[in-house]
Each structure stands twice: as structure tokens, then as C-alpha cells.
Peer 1: 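My structure is below; once you've seen it, I'll send some questions.
Keep in mind that the numbers below use all heavy atoms, side chains included, and drop hydrogens, waters and symmetry copies. Quick note on labels: first sequence line is chain A, next is B, and so on, each numbered from 1.
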Amino acid sequence: MRSDLCGDLRPADVGRRVRLCGWVAKRREHGEHLAFVDLRDRTGVVQCVVDGSVEARSEWVLSVEGTVRARPAGTENPDLPTGAVEIAECQVAVVNRAEPPPFPLDDRSAADEAVRLRYRFVDLRRPRMQRNLRVRSAMVAAMRQSMVDQGFCEVETPLLWTPTPEGAREFAVPSRLHHGDFYVLPQSPQIAKQLLMVGGFDRYFQIARCLRDEDLRADRQFEFTQLDLEMSFVEPADVQRAVTRAVSAALEAGEMARVGEPVGVAEVASEAARRGRGPRGSAASGPSGERDDPARAPEAAEVAVMTWFEAMDTYGSDKPDLRVESNLVDLGPVFAGTEVRAMVAPTVKGLCHRGGAELGRNRLDALTDQARQLGAKGLAWFRIGGQSGALTVDSPLDKFLSADERAGLLSATGATPGDLVLVVADEWRVCCDVLGHIRQELAGLAVTAGERRLCWVTDFPLFDGVDDEGRPAAAHHPFTMPHPDDLELLDRDPLAVRSQAYDLVLNGWELGSGSIRVHREDIQRRIFDVLGIGPAQAEARFGFLLGAFRYGAPPHGGFAVGVDRLVALAVGEENIREVIAFPKTQSGIDPMTGAPKPLGARQRRELGLGPLAER
RNA sequence: GGUCCUGUGGUGCAGUUCGGAGUGCACGCCGGCCUGUCAAGCCGGAGGUCGCGGGUUCAAAUCCCGUCAGGACCGCCA
């Protein structure tokens, strides 16, 4: 039906007879002798000149035949990629009429998200959504290519899986053939991919849909996509290298896909510049021959590596945002023998916020409330004034501080006039959590702002606190291999055991996590013991996995990258709904289809589901 | 389960503090004029259950209670 795409036409095309199809982005009529129609398709818009009036309204679907010509001198539009040319002598055919759109489709205008989602098919026509989903496609293609290049084999695993009552809440699917029995949709292909390792596919990957029936957030949907991978005969660094390559390839492909798009040209330019001078190559260089193919991203971006303890101790978070300058400092020595009651605690940590002395009492009170909500007994604040050499301290606590303590506080935090020092004295974990939250909040950085700072966080604890019955709870999942140095602690002091689990973090967002898995039955049994899962229970829940492990399980480990989050960051969106074609609202509703909806009586009967209670 | 923010013609907002006639702005829509516009311009017009329900009051978009929807967050997300 068409010879060209609207956004592709350039002066080189002048003189060509073209046929275009698209939607009316804008119509400008100048009486009965002249009208302009901006015709839009996925590549952009081009101006069509109609001699006479034109019967076409916004979003009507048109087929236009005409001749490309240079615009008359002085009428070029430098804001448009096609702005040097126009389509003349147009014959316009109306392919389909359209009602006026329920909201403006240009990217300048905001629209209520509920309305956008109800008319998502129209919303998707907007350049921003077109860009987001096309960048996503390019990034997924690059990841897939990177994995294949690295020798991984793509394998699909079942969506109709079996209940594994651990971890996230599962979506259940009633069985028609076995009334009363249910499949569940997988929270992730975790167990399936471990079975693939036993099956000898020693490098597996999948662009996998995962489903978790948990409450939704800006960065969480019921269903989301992971780059899921698993490898045999590896150490954590091997997995991390493979993941870093795939993620780097995706990010580069995302940037390339953004170049030339009508949206955010300036941002793309600055990104490209950054890419040009950015340091790289911390990971081992890839096989030769990949270097010149931009879709393959042979070398990894620069990635920091730190242990979980370092991350918590220094940044107050297991997903540290390395863009934020101020870090937590240990004030234990300063307040070692203090008589200030508020500072007597196992740990005293401080945070210096540059320029924070201007914060008013209301803000400081709000921060204190927040600290209490996060479990701290309080939050001490010190507004630093004066000038270097003669600092003054404004704080309710100041009159209780000794001269040494005041000096120690200032030197340890490196505070200068105009700064705000915040101090929490409590258990180590509370100090870290509270100051970590406040550090992030005071920085006020959007996840998409500025540079991208990737980091690996390693050596997570094997268990994260205790559950309601006082039993340690698995931090990652119950198949995570303990750190080899901590094996003997497993029975004595399980909460102190580190694991071989690791996260990939970008600007404070967890992009994914993984671990080396337990492949030996004796260690698995000891872990189940700690978790309070007896042999019978373990057999009932994970029998097929444990059974498989008796038939020659290789040592293995893997990872899963959150694709939605990665794409969101790449296109500068803070909400993954913007990179998903048909997302759900925070209450799990699809405003377009109305799902979820009741099932008819007949369908319920077929599925063996009883009548529902009155609603 | 909880905290907070939002809800006003099709869209985006102002009006809510301190009650006084559905008042206002921009865009869009409909009609007219207009031969080089491109966020076109000019003139005219239509379009409202102020989310919904209840209460207080002579009087409620505005105050109170409840409820629904959307969003941000906490819990939750092995």
C-alpha cells in the first residue's frame, strides 16, 4: 500500500512519486485553496500539501500519493527531521475515519494515566510510547544476541507449573481435567532452569515472563520479564561477567535505538558523548571479532563490586546509588565513652548532607518521623554554620556534647559550614537502614538522572532475619549456596552465614539477582534444617528437584535481569508501565479490558470451581 | 492491611485555605473566514452528576463522615 515511510523522506528523495499511509497528526487549513496535513507513521511525520480543502480530521487514517519536493525557501521547518521537504500534488484517500482522540497524542501534553490505559491502543501511537517499545525491542534483541554469542542455549520452560509454597504469592490456574487441582504460573523459571543444568544444558537462557501475585509499584507489575540464565561449572565471577556483557550490550543497543528518534534528541546526543569518552573494559575483553559489531557489546561497562556488608555499612542500602556523594561514616569511636544518653548504642553512624543546614525545622521533624518509622529511636541533627576554622553547631543536642565529641563529629563527617549532619545511634542494621533511606531522600535524585552507575553487590547473607516463629528465613531462595568460608557456621550461627548470592544494581534500582546454587544433598539438607523444613516436607515440596540432584547434578549458578527496569532506565522512564504495552494499574486492573472479571457459571463448573460467595 | 497525594466540560489546570448563582484560563471539538502554515491565525458556538453517597448549613466544588477510582510509598515481592 505504500512506497515509503513518512519520517524517512529527505531532500535526496525530491522528485520521487511516493505513496504514504498514516494517521493525521495535524491539519492546517488556509481556506479553500490550500491545506497542510501532517501525516504520521511509526517513523515520524511529513507535511503533505493539499491544493484545496481536505476532508480529514485528527487521527483519520489516510493514504496519500504525491511528489516529494523541496519546501519553498523560508518555509523549511528545522524542528522536523523531514522539515526540508514536503509532499506536493497530493491525492488523498480516506482509509478510515476516527473519532477525536480522548487525549492529545503529542508528547508535550500530559494525560491522566487511567485514561491513557483505557485507550492504550491510541496511547501507543504517541512518539514516546513508540520509542519506548522500539528501544525495548532493540535491547531484547541485543541481549538475546549477546547470550547466543556467549554460547548460551535458549530454552522455554512451562508456564503451567506446580505450586512451590515458598516465596512470592503465586497465581493459580484451575485444572479442568483434574477438578480441585491447580497449576501455578511461575514466579520465575528458577527450578526449571536448575533441572536444565542437571540435564546438561550448561549454558541456558530465556527471555522469560515471570508472574507474582504481590502488590504493584512503579517498578513492579504482576507479570514482568527477566533475562533468565543459568550456567554449570562456574564461580560467581563467571556469571557476573556473562550478565555484565549482556546488560552492556542491551544498554548500548538502547542508546543506538534512541539516536535519530524524534523524541529526546538532546538527551541522546549527550548520552552518545558520554559513551564516547566513558571508561570501559573492566571485564575481560570478549572474543575477537565482536568488537566492531555494536549490537554485541564486547566489553562490559565499568562496574563496581562490593560486598553486601560494605554496601550496607557505607551506603546504608543493599542497592546503593553510587551517584550520591555523601556516605555513612562510623561515629562509634567519637562517642565511645559518651555521657550523651542518646548516643549510647552498639553503633553510631552519621551522614553529612552538603548544604543541608538550610533545612527548616519542619523538614527535620519530618526526617525524624521517618527515622522512627524505620525503627530508629530518634534522629540527631546538627546544622553546621560559621566558617572554616570556627564552625558553629546548631542542634538540640549540642549543649550535651563535649568539646572532643563536637570536634570528632565534625572531622569524622567532614562537615563544613552550611552542611547538615544526621546521626543515628542504634543497632548496626537500624543505623544503616535509616541513614540509607535518608541519604537517598535528601539526594532527591531521579533514577534516570545523570550518569549510570552500575555495581555488583556480593556475599549477601544466606538468611535475612527470622520469621514469625523465630526461624531464619532464606534471603534469596533456599537453594542458595553458602559462602565456602562460612559452611561451619551453618548450624552454630546461621544468621552470620554469608551466601554466594549477588545483585546487579543501577542507580539505586535492583536490576537483578542471582546466586551459586546448592547442588549437594548434604548441604541442602542442612539448610532445610535451619529453615525448619523436615525431610518429609522437603520431599513433598521439592521432591522432583532433590530427586534430580541425585542423578548427577553439576555445580551451577545463575542470574535473572529485570528487563522492564533495564529498559525503563535506558529510555529515561521512572515507571516500568511506560515500557510495557498493556500494563495493569496499581490495584491490578486493566482499564482497557476491565480484567479481572467474573467467570460465567458454566466455565466455573467446567473448572470445578464452586459458586462464589456473595460480593 | 496501612500512610500520604489527586479526582472540576473531551484534555490539562485554577477556584477548596476563610461556604454565597457552574466562575475562569489554555488546548481540543463544531461552524465561519483565511493561498505557506507547522503549538497556524481571526470570529462565533457547543460542551458540566465539581468521582459517588450521606451529613452540617438559609446556602456546599469548598466543611464533616463514608465510599470508589488513579498515583507514590510502607508491609509484601523466597
Peer 1: Of A/A218 and A/D215, whose nearest nucleotide on RNA chain B comes first from the 5' end?
Peer 2: A/A218
Peer 1: Over how many whole Å does the gap from A/K319 atom NZ to B/C77 atom C1' extend?
Peer 2: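 Computing the A/K319:NZ to B/C77:C1' distance gives 10 Å.
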Peer 1: Write down the distance between CG (A/D219) and P (B/C73), rounded to a whole number of angstrom.
Peer 2: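 So the two atoms are 7 Å apart, to the nearest Å.
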Peer 1: When rounded to the nearest Å, what value does the distance between C1' atoms of B/G1 and B/A59 take?
Peer 2: 40 Å
Peer 1: Nearest nucleotide by nearest heavy atom, which residue falls closer to the 5' end of RNA chain B, A/S58 or A/V115?
Peer 2: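 Per heavy-atom nearest nucleotide, the more 5' residue is A/V115.
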Peer 1: Identify whether any heavy atom of A/N575 sits under 4.0 Å from a base atom; if not, whether one sits that close to sugar-phosphate; answer base, sugar-phosphate or nothing.
Peer 2: sugar-phosphate
Peer 1: Would you mind checking if A/E55 and A/R97 are paired as a salt bridge, meaning a charged N to carboxylate O distance below 4.0 Å?
Peer 2: yes
Peer 1: Mind checking who B/C63 pairs with, Watson-Crick or G-U wobble, both distances under 3.5 Å?
Peer 2: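 B/C63 is paired, partner B/G55.
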Peer 1: Is A/E113 touching bases, backbone alone, or none of the nucleic acid, heavy atoms closer than 4.0 Å?
Peer 2: sugar-phosphate
Peer 1: Regarding A/P72, tell me which of base, sugar-phosphate or nothing describes its non-hydrogen contacts under 4.0 Å with the strands shown.
Peer 2: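 Base contact.
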Peer 1: Taking 4.0 Å as the cut-off, does a side-chain nitrogen or oxygen of A/S587 come that near to OP1 or OP2 on B/G70?
Peer 2: yes
Peer 1: Would you please classify the geometry between the A/F36 ring and the A/H30 ring as parallel, tilted or perpendicular, with 30° and 60° separating the classes?
Peer 2: perpendicular
Peer 1: Considering Watson-Crick and G-U wobble pairs with both distances under 3.5 Å, what does B/A39 pair with?
Peer 2: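 By the stated definition (distances under 3.5 Å), nothing pairs with B/A39.
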Peer 1: If we only count heavy atoms from C-beta on, is the A/V46 to A/D4 side-chain gap below 4.5 Å?
Peer 2: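 A side-chain contact is absent here, since even the closest heavy-atom pair is not under 4.5 Å.
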Peer 1: Using centres under 5.5 Å plus planes under 30 degrees as the test, is A/F36 stacked with B/U37?
Peer 2: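 Answer is yes, a stack.
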Peer 1: Could you tell me whether A/D112 contacts a base, only the sugar-phosphate backbone, or nothing, with contacts defined as non-hydrogen atoms closer than 4.0 Å?
Peer 2: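 Since only primed, P, OP1 and OP2 atoms lie under 4.0 Å of A/D112, the category is sugar-phosphate.
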Peer 1: Quick one: does A/R220 reach the base of B/C76 with a side-chain donor-acceptor pair under 3.5 Å?
Peer 2: yes
Peer 1: Does B/A39 have its OP1 or OP2 closer than 4.0 Å to a side-chain nitrogen or oxygen of A/K26?
Peer 2: no
Peer 1: Minimum heavy-atom separation for A/C431 to A/D426, with atom names?
Peer 2: SG-N, 3.4 Å
Peer 1: Mind calculating the distance between CG (A/D369) and P (B/C74) to the nearest angstrom?
Peer 2: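 Nearest whole value for this atom pair: 17 Å.
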Peer 1: Using whole Å, report how far CZ of A/R217 lies from P of B/C76.
Peer 2: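 For the pair A/R217 CZ and B/C76 P, the rounded distance is 10 Å.
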Peer 1: So, OP1 or OP2 of B/A72: does either fall under 4.0 Å of a side-chain N or O from A/Q586?
Peer 2: yes
Peer 1: Quickly work out the A/E29 CD to B/C42 P distance and round it to whole Å.
Peer 2: 17 Å
Peer 1: Does A/E99 come within less than 4.0 Å of A/R57, counting only side-chain N to carboxylate O?
Peer 2: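 Here A/E99 does not pair with A/R57 in a salt bridge, since their nearest N and O are not under 4.0 Å apart.
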Peer 1: Taking any heavy-atom pair under 4.0 Å as a contact, classify A/R69: base, sugar-phosphate, or nothing.
Peer 2: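 Touches a base.
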Peer 1: Rounded to whole angstrom, note down the C1' distance from B/G19 over to B/C33.
Peer 2: 46 Å
Peer 1: Side chain of A/E86 only, please: which of B/C76, B/A39, B/G36 is the nearest?
Peer 2: B/G36
Peer 1: How far, in whole Å, is B/C5 from B/C65 if one measures between their P atoms?
Peer 2: 13 Å
Peer 1: Contact class for A/T480 vs. all strands (heavy atom < 4.0 Å): base, sugar-phosphate, or nothing?
Peer 2: nothing
Peer 1: Give one of base, sugar-phosphate or nothing for A/T585, where a contact means two heavy atoms less than 4.0 Å apart.
Peer 2: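 If one applies the 4.0 Å heavy-atom cut-off, A/T585 turns out to touch the sugar-phosphate alone, with no base involved.
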Peer 1: What's A/P478 touching, base or sugar-phosphate or nothing? Going by heavy atoms closer than 4.0 Å.
Peer 2: base
Peer 1: Quick one: are A/T225 and A/C210 in side-chain contact, heavy atoms under 4.5 Å?
Peer 2: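 In short, these two side chains do not touch, never coming nearer than 4.5 Å.
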Peer 1: When rounded to the nearest Å, what value does the distance between P atoms of B/G70 and B/C76 take?
Peer 2: 24 Å
Peer 1: Please give the distance between the C1' atoms of B/G28 and B/G9 as a whole number of Å.
Peer 2: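 Taking atom C1' in both B/G28 and B/G9, they lie 11 Å apart.
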Peer 1: Are any of A/R212's side-chain N or O atoms less than 4.0 Å away from OP1 or OP2 of B/C76?
Peer 2: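 For A/R212, the contact criterion (side-chain N or O under 4.0 Å from OP1 or OP2 of B/C76) is not met.
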Peer 1: Considering only atom C1', compute the distance from B/U8 to B/G22 and round it to an integer number of Å.
Peer 2: 9 Å
Peer 1: For nucleotides B/C63 and B/U16, find the distance between their P atoms and express it as a whole number of Å.
Peer 2: 9 Å
Peer 1: Between atom CD in A/E214 and atom P in B/G1, what is the gap in whole Å?
Peer 2: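 Rounding to the nearest Å, CD of A/E214 and P of B/G1 are 13 Å apart.
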Peer 1: Would you mind reading off the distance between A/L34 atom CG and B/C38 atom P, rounded to a whole angstrom?
Peer 2: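 The distance from CG of A/L34 to P of B/C38 comes to 12 Å, rounded to the nearest Å.
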Peer 1: Looking across every strand, which nucleic acid part, if any, lies under 4.0 Å from A/E76 by heavy atom: base, sugar-phosphate, or nothing?
Peer 2: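 The answer is base, as A/E76 lies within the cut-off (heavy atoms under 4.0 Å) of a base atom.
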Peer 1: Both distances below 3.5 Å, Watson-Crick or wobble geometry, any strand: find the nucleotide opposite B/G44.
Peer 2: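 Across any shown strand, B/G44 pairs with B/C30.
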Peer 1: Looking for any heavy atom pair under 4.0 Å, which part of the strands does A/R577 touch: base, sugar-phosphate only, or nothing?
Peer 2: sugar-phosphate
Peer 1: Could you give the distance separating B/G51 and B/A69 at their P atoms, to the nearest angstrom?
Peer 2: 16 Å
Peer 1: Counting only Watson-Crick pairs (N1-N3 plus N6-O4 or O6-N4) and G-U wobbles (N1-O2, O6-N3), all under 3.5 Å, who is the partner of B/G9?
Peer 2: none
Peer 1: For the pair A/Y502 and A/W456, name the ring-plane relationship: parallel under 30°, tilted 30 to 60°, perpendicular over 60°.
Peer 2: perpendicular
Peer 1: Relative to the ring of A/Y119, is the ring of A/F121 parallel (under 30°), tilted (30 to 60°) or perpendicular (over 60°)?
Peer 2: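 A/F121 and A/Y119: perpendicular rings.
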Peer 1: I want to check something: taking the side chain as every heavy atom from C-beta on, are A/K319 and A/D503 in contact at a cut-off of under 4.5 Å?
Peer 2: no
Peer 1: Please state whether the phosphate of B/G70, meaning OP1 or OP2, lies under 4.0 angstrom from any side-chain nitrogen or oxygen of A/K584.
Peer 2: no
Peer 1: Using a distance-only criterion (donor-acceptor N/O pair, under 3.5 Å, no hydrogens), is the base of B/U37 paired with the side chain of A/R71?
Peer 2: yes
Peer 1: Searching all strands shown, indicate the nucleotide that pairs with B/U23 (Watson-Crick or G-U wobble; both distances under 3.5 Å).
Peer 2: B/A14
Peer 1: Using a heavy-atom cut-off of under 4.0 Å over every strand shown, decide if A/T164 touches base, sugar-phosphate, or nothing.
Peer 2: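 Here A/T164 touches no strand at all.
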Peer 1: Would you classify A/A475 as touching base, sugar-phosphate or nothing, given that sugar-phosphate means primed atoms plus P, OP1 and OP2, and contacts are heavy atoms under 4.0 Å?
Peer 2: sugar-phosphate
Peer 1: Ring stacking, A/H30 with base of B/A40, under 5.5 Å and under 30°?
Peer 2: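 Answer is yes, a stack.
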Peer 1: Searching all strands shown, indicate the nucleotide that pairs with B/U3 (Watson-Crick or G-U wobble; both distances under 3.5 Å).
Peer 2: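 Checking every strand shown, B/U3 finds its partner in B/A72, with both distances under 3.5 Å.
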Peer 1: In whole Å, I'd like the distance from the CZ atom of A/R108 to the P atom of B/A26.
Peer 2: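 My rounded result for the distance is 16 Å.
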